[in-house]
Amino acid sequence: MQSLRFKQIEPGLTLKDIDAEIRGYWKDKDILNKILSKGGSRKFVFLEGPPTANGRPHIGHAMTRTIKDIVLRFNTMTDHKIYRRVGGWDCHGLPVELEAEKHFGFHTKSEIINFGVEKFNEYCRESIFRYIDEWKQVDDLLGFSIDHNGDYITLRNDYIESEWFALKTMYKSGLLYKDYTVVPYCPRCETSLSSHEVAQGYKDVKDPSVYVRFKSADEENTYFVAWTTTPWTLPSNEFLVVNPEMEYSLVEVQGLKYYVATSRASSIFKDYKELRRLKGKDLVGKRYIQLMPFLDPPKGTMKVVAGSFVTSEDGSGIVHAAPAFGADDYQIGKSEGVEILNPVDKNGRFADERLPWNGKFVRDANDEIIVYLKKNQLLIKSEKYEHSYPFCYRCDTPLLYYPLDAWFIAVSRIRDKLVEYNERINWKPEYLKHGRFGNFLGEAKDWNLSRDRFWGTPLPAWRCKNGHVVFVGSRKEIEDLGGNIPADLHRPYIDGVKFRCPTCGEEMTREPYVIDTWFDSGSATYAASHYPFEGNFDPETDVPVSFITEAIDQTRGWFYVLHVIAAIMFDKNAFESALSINFILDEQGRKMSKSKGNSVYALDFLNEVPPDSLRLFFLYGAPWKSKNLDKKVIDEVSRKTLMTVLNVYSFFAYNANIDNFEYAGLQLSNNPLDRYMVSKTNSFIKFSREAYESLDFHEVVRSAMEFVDDLSNFYLRLSRRRFWADGFDEDKRSAYSTLYYAMMQFVAVMAPITPFFSDFIYLNLGGSMDSIHLESFPEFDPKLVDEKLENGMDRAYSVIETVRRLRQENSIKGRQPLKEILIAGDIDQAVLEVVKSELNAKDVRIIEKEKEPITLSADLRMDRAAPVLRAKVNAVREKIRSMDGRLVQDQITANGFIEIDGSRIEPDMVDISRQPDPAYAYSQTEKYSIDVFINKNIDRDDYLEGLAREIVRRIQVMRKEMSLNYTDRIIAYLDVSDDFVDAINRHSDYIKNETQSDKLILDKIDGMKLWEINGEPVRIKIELSR
RNA sequence: GGGGUUGUAGCUUAGACAGGCUAUAGCACUCGGCUGAUAACCGAGAGGUCACCGGUUCGAAUCCGGUCAACCCCA
């Protein structure tokens, strides 16, 4: 068999088959590398948000990667050279260490130290890439076009060195400082956490809520009512805090006097007498006696101080402050310049012999402390209080606020800059700019950078015993300072690096911290390129990066740290555009989670669902709206777009091969259908390009669905017969080139979203490159857009719909030719001409409104007319009913009223109804108010023609059942009643021609198939003619 | 406790910033039709308190205020 120009589609071909074929082709032809190396005249700076590969990629990861890929492919097609089209892997951090602890069965830090940091970190290093093969497999299945050979990896020495450079830069500019302060602290992991880590772990818990009384030192029988949800902090109390602007009362209860916020008194005491009111500032300076006599109160404590953070929403309006265990409390202690009482060790246990609860974990001591308070008559009231409390986001231990040495980045000092640079970012969705992200920047806190842990980027700070500090900004500097550069920059090797202090000559040792792993990923902008030591990264041109996207939870995670670090290092915003993706929910709309067991892993899903279908689904609706993972919906979207286009292609290929069509550019005739389709195609190109550029990929999908519907169900349906005409004239060439053009442009527009399918059609249409992804994105040609024609076609289509409706209402089949269709309204004759075949009528005419076959009849509205005309009403009604309705309407239009029998009749008193003439059925098109009439009378000639068509259709079905090619000739035997005999005799040429029959034989033979047409039996048998 | 987003038919969804004919379309459902694309297609029907309450307005799905629910973020 000779090879065909256009490959024909096997029946039953699925998207999975297409996927497999194209995937194989890409491998054979090394298409990915050709895409990666494609040039461009403009630069597009890409940055992959690095996942940690110690877990399996789930369906949400597939979505973020799809969107990244769409952006990359689109920009490749629009003449951009992609800078740094590589993946990246986040390697460090507490989650990894935790995994390792679980593996070894460790519960405390000392177990790790005893085991050996070297071996521990070695395990961490191995474990993080456990699932990297699966990640790469998913990327491959999905068609993610990045270069995994160039991946950046945050544990590499080069990467760490770039971070050192940044840290040193920050230190030199004074933005990196060490402080002893109260920080969120995990007593199990024995390290502090940063605010964005703390934010991950809030949970609702019930804690005791106690009201206790502090005895005044100056006033007889007088107490301060204080409230706390952490009774274990009471032994460390140093101050009571009031809001200086708030109102307080002195109340009397059972002979004792209490200071309490006025608005809270009634919820604490059932029965009380108010003695006096005063402002909070009047209480400031008053002294009290220590609540529990265990620890020695430091000098300057045991007094009431002012704090604006105190509210009267709950509690007593008087807050007990233990500077060791709260951020606000610590600030007070600091400004009062007092010693801090901290009887708790780093494991969160009381560690002071003087305390009765010594050795207990603090939160476990709460109950005993309450018993103590009760016994000593210090407790006013205790209850359970439900509130949210931070837990360690990895190990689930309740966090403490604990005073520690820690290194900070002074983010609060560059807050204004962060806010200012945010204005330059194009956010998708837009509300994030001043919502979630903007709000966070506005209250940015200093970033707690140091972690008292093992597996992470080491903090490059060395200190001597005289307190001199040196930050090392590169490997070479270690050498310059007289140290040895370890082969691996991680702990414990880096801890062994020692050198002499350049200031005093004493030995310097490294500060024992690693840094927050978020600093790693936030440094990707420059560290991925080993800036400034090597590579081609240039802050001038490569910051901000062009585009980033991740799931919504990264808004205050990765997006935030990128923004902060770029603001400090480069004095710019880190990214131009950011798209935030919402979660994929399960079929029922529930959040996916491991504990519910409804998580869907990307690999499993991609083994069932073709990648293009999944990619389309991700963009069916805005990506920042959550969607339910529903296979039915996935099927629907790809069926309506891809499968329909596949059908269109199949039609095209079949006919184009027969006609030996070859595409040589668009060759348009004057046929309005072709011009319409080309115009629509260009409108689609324009709309899509703009949608891609503004990151509204879902708009591309939406308009693609409309486009495909138009192409298949309007253009092709109406054009079909033109492809079957004999010969090869201008009109046929125009039709072919239009169809080819429309398909080609469509798949090119869709290529970033459905890369496999688009390439399949492209290659089968004989595209000139090796892959559609090496092509340019279609250019919009304004000359080819004809809005008037598009509108005219729309109107014509609405007429078709209306005729169909009228046929249905009057039980006239579509196959039955109508005698006459009359159309009144704004419609173009030439356009009407091309859709005429769809109307199936002998005569289609456009007429003037006035010539409509309609009778107007006038009547009175009795509810309006009767009250005015009174007794005359019936006579007038008689009269107006007998008048020509058109005359009545004309007079009213001309004069504003009509006079009948001397009575003035106002327009609102008259009802004019339109009745089509009995021969016609009438309706109006929905959108354009075009009047459509069909003549309901069917004469015998037309009736017989209708019957002939019925017979044709039955024979076609039988041909189909016999799987004949449409060129196969047949002989048809028919056994029919009289009307049909007439129809067959009169239309035998037509029937023969339509059914490829050599002969029609009116006879009764064996094996005939019985049909019923209009209630009459019709027996038919066909056989191949030879 | 504070902030953000969302709420339109059984499901998916347009319209909302710029208020205006009967609230858009698809899937599924019922009935009818079409057939040289056929695991495709067309028409009709049914299905809606546009989450709820109130306000502004001649007119509100749309603007404003409040409530409820879901999700996210923060403390």
Side-chain angles (χ1 to χ4, degrees), chain A residues 8-9 11-14 195-196 198-200 202 309 311 313-314 327-328 387-390 429-440 442-443 445 551-553 555-557 560 580 582-583 585 587-591 617 620-622 624-628 630 632-637 639-640 643-655 658 698-699 701-702 705-706 709 712-714 716-717 720-721 723-724 800-809 811-816 838 840 926-927 929 949-950 952-957 959-960 964-968 994-996:
Chain A
Q8 247 144 265
I9 301 300
L13 186 83
T14 64
S195 54
H196 41 255
V198 175
Q200 313 251 349
Y202 277 91
F309 59 86
T311 70
E313 267 155 16
D314 41 28
D328 289 328
H387 64 150
S388 58
Y389 191 85
E430 221 238 311
Y431 52 72
L432 288 177
K433 179 186 270 191
H434 296 119
R436 184 176 297 195
F437 195 73
N439 288 343
F440 199 53
E443 54 195 47
K445 305 218 158 51
I552 182 79
D553 55 336
T555 310
R556 292 181 174 181
Y560 174 74
S580 175
N582 214 319
F583 297 116
L585 309 172
E587 206 168 318
Q588 281 84 37
R590 295 169 310 181
K591 202 172 164 178
F617 168 75
Y620 186 50
W624 45 86
K625 285 176 131 183
S626 62
K627 36 178 74 64
N628 303 357
D630 186 339
K632 282 202 299 259
V633 176
I634 295 174
D635 279 350
E636 187 192 325
V637 185
R639 184 155 33 82
K640 281 189 67 67
M643 290 314 281
T644 307
V645 172
L646 189 64
N647 272 326
V648 172
Y649 169 79
S650 171
F651 173 90
F652 169 84
Y654 187 74
N655 290 287
I658 289 169
H698 59 297
E699 296 288 355
V701 171
R702 192 207 310 289
M705 289 168 103
E706 282 168 19
D709 190 56
S712 167
N713 294 328
F714 182 69
L716 192 55
R717 186 181 163 85
R720 265 186 301 187
R721 286 188 176 263
F723 292 92
W724 306 329
I800 293 175
E801 286 182 325
T802 306
V803 169
R804 282 185 190 144
R805 195 169 67 234
L806 286 172
R807 278 176 178 274
Q808 168 130 341
E809 283 165 4
S811 307
I812 303 171
K813 292 179 175 177
R815 238 180 268 108
Q816 175 62 57
E838 200 68 5
N840 190 18
E926 257 184 40
K927 257 197 284 183
S929 307
R949 290 189 179 213
E950 294 288 350
V952 166
R953 187 201 143 208
R954 289 344 185 255
I955 296 176
Q956 303 288 32
V957 171
R959 288 181 62 103
K960 191 95 208 168
L964 299 184
N965 277 326
Y966 98 90
T967 45
D968 292 334
E994 287 288 311
T995 60
Q996 315 293 334

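Naming convention: chains lettered A, B, ... in sequence-line order (proteins, then strands); numbering from 1 in each chain. Keep in mind the model is a prediction, meaning the values are calculated, not measured.
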Mate of B:U67 where both pairing distances stay under 3.5 Å, Watson-Crick or G-U: B:A51
message: When the C1' atoms of B:U22 and B:C31 are compared, how many Å lie between them, rounded to an integer?
response: 24 Å
query: More 5' along RNA chain B: A:Arg639 or A:Asn439, using each one's nearest nucleotide?
result: A:Asn439
task: Report the nucleotide, chosen from B:A37, B:C72, B:A14, that has the shortest atom-to-atom distance to any side-chain atom of A:Arg720.
output: B:A37
statement: A:Met705 atom CE is separated from B:C41 atom P, nearest whole Å, by 12 Å
message: For the P atoms, the ones on B:G15 and on B:C63, what distance do you get once it is rounded to whole angstrom?
response: 13 Å
field: Spacing between A:Lys627 atom NZ and B:G7 atom P, to the nearest angstrom
entry: 14 Å
- request: Applying side chain to side chain contact (heavy atoms under 4.5 Å, CB included), run through A:Gln996 and A:Arg959 and close with a yes or a no.
  value: CA-CA 10 Å; A:Gln996 315 293 334; A:Arg959 288 181 62 103; 3.4 Å; yes
field: Of the listed nucleotides B:G3, B:U6, B:C74, the one nearest the side chain of A:Phe440
entry: B:C74
Ionic contact status for A:Glu994 with A:Arg721, cut-off 4.0 Å: yes
message: Is it the case that the ring center of A:Phe723 lies less than 6.0 angstrom away from the ring center of A:Phe651?
response: yes
- prompt: What's the CZ-P distance between A:Phe617 and B:U13, to the nearest Å?
  reply: 9 Å
message: Need to verify one output field. Residue with the more 5' nearest nucleotide on RNA chain B, A:Asp630 or A:Thr14?
response: A:Asp630
task: Calculate the interatomic distance between A:Arg949 atom CZ and B:G33 atom P; express it in whole Å.
output: 17 Å
- prompt: Is there a donor on the side chain of A:Ser712 or the base of B:A37 sitting less than 3.5 Å from an acceptor on the other?
  reply: yes
field: Whole-Å C1' distance, B:U6 and B:A61
entry: 15 Å
- prompt: Just by distance, do the side chain of A:Ser650 and the backbone of A:Leu646 share a donor-acceptor pair under 3.5 Å?
  reply: no
- prompt: Taking OP1 and OP2 of B:U5, is either one under 4.0 Å from a side-chain nitrogen or oxygen of A:Arg436?
  reply: no
query: If you check every side-chain atom of A:Asn647, which of B:A37, B:C34, B:C27 has the closest atom?
result: B:A37
Separation of the P atoms in B:G20 and B:G66, to the nearest angstrom: 24 Å
- request: Counting heavy atoms from C-beta on, name the nucleotide in B:G7, B:A37, B:U5 closest to the side chain of A:Phe651.
  value: B:A37
Distance in angstrom units between A:Asp709 CG and B:A40 C1', rounded: 12 Å
message: By nearest atom, which of the nucleotides B:A14, B:A40, B:A37 is closest to the A:Arg717 side chain?
response: B:A37
task: Taking atom P in both B:C27 and B:C42, compute the distance separating them and give it to the nearest angstrom.
output: 7 Å
query: In Watson-Crick or G-U wobble terms, both distances under 3.5 Å, what is the partner of B:G20?
result: B:C58
message: Taking B:G48 as the reference, what is the distance to B:A14 when you measure between their C1' atoms (whole Å, please)?
response: 15 Å
- prompt: Hey, does A:Ile9 reach any base, or is it just sugar-phosphate, or nothing, if we go heavy atoms under 4.0 Å?
  reply: nothing
- prompt: Reckon A:Asn582 touches a base, only the sugar-phosphate, or nothing at all at heavy-atom distances under 4.0 Å?
  reply: nothing
- prompt: Nearest-Å distance, CZ (A:Arg702) to P (B:G15)?
  reply: 6 Å
message: Determine whether a donor-acceptor pair (one donor, one acceptor, N or O, separation below 3.5 Å) exists between the side chain of A:Arg953 and the base of B:C34.
response: no
message: Nearest whole Å is fine: how far is B:U13 P from A:Glu699 CD?
response: 13 Å
field: Base-pairing assignment for B:A25 (Watson-Crick or G-U wobble, both under 3.5 Å)
entry: B:U12
message: Using whole Å, what does the distance between atom C1' of nucleotide B:C74 and atom NE2 of A:His434 come to?
response: 18 Å
- request: Take A:Ile634 and A:Asp630, measure what side chain to side chain contact (heavy atoms under 4.5 Å, CB included) needs, and give me the verdict at the end.
  value: CA-CA 6 Å; A:Ile634 295 174; A:Asp630 186 339; over 6 Å; no
task: Tell me whether the OP1 or OP2 atom of B:U12 has a side-chain N or O from A:Asn628 closer than 4.0 Å.
output: yes
task: Would you indicate which nucleotide in B:G26, B:A14, B:A40 comes nearest to any side-chain atom of A:Lys640?
output: B:G26
message: Can you check the distance between B:C64 and B:G7, where both ends of the measurement are the P atom (answer in whole Å)?
response: 14 Å
query: Got a salt bridge between A:Lys632 and A:Glu636, using NZ or NE/NH1/NH2 to carboxylate O under 4.0 Å?
result: no
field: Pairing partner (Watson-Crick or G-U wobble, both distances under 3.5 angstrom) of B:A44
entry: B:U30
task: Considering non-hydrogen atoms only, spot the tightest contact between A:Ala551 and A:Ser580 and give its length.
output: C-OG, 4.4 Å
- prompt: Within the structure shown, what part of the strands sits under 4.0 Å from A:Arg807 by heavy-atom distance: base, sugar-phosphate, or nothing?
  reply: nothing
message: Nearest to the A:Phe583 side chain among B:C72, B:A37, B:A14, which nucleotide is it?
response: B:C72
- prompt: Which of the following nucleotides, B:C41, B:C34, B:A37, is nearest to the side chain of A:Glu950?
  reply: B:C34
Heavy-atom side-chain contact between A:Lys627 and A:Phe617 under 4.5 Å: yes
query: Between B:A37, B:C74, B:G7, which nucleotide has the shortest distance from any of its atoms to the side chain of A:Trp724?
result: B:A37
- line: pair_partner(B:A39), Watson-Crick or wobble, both distances < 3.5 Å, evaluates to none
task: Answer yes or no: is there a side-chain heavy-atom contact under 4.5 Å between A:Ile552 and A:Trp624?
output: no
- prompt: Among B:C72, B:C34, B:U12, which nucleotide sits nearest the side chain of A:Ile552?
  reply: B:C72
query: Looking for any heavy atom pair under 4.0 Å, which part of the strands does A:Lys632 touch: base, sugar-phosphate only, or nothing?
result: nothing
- request: Between B:U12 and B:C71, how far apart are the P atoms? Round to whole Å, please.
  value: 16 Å
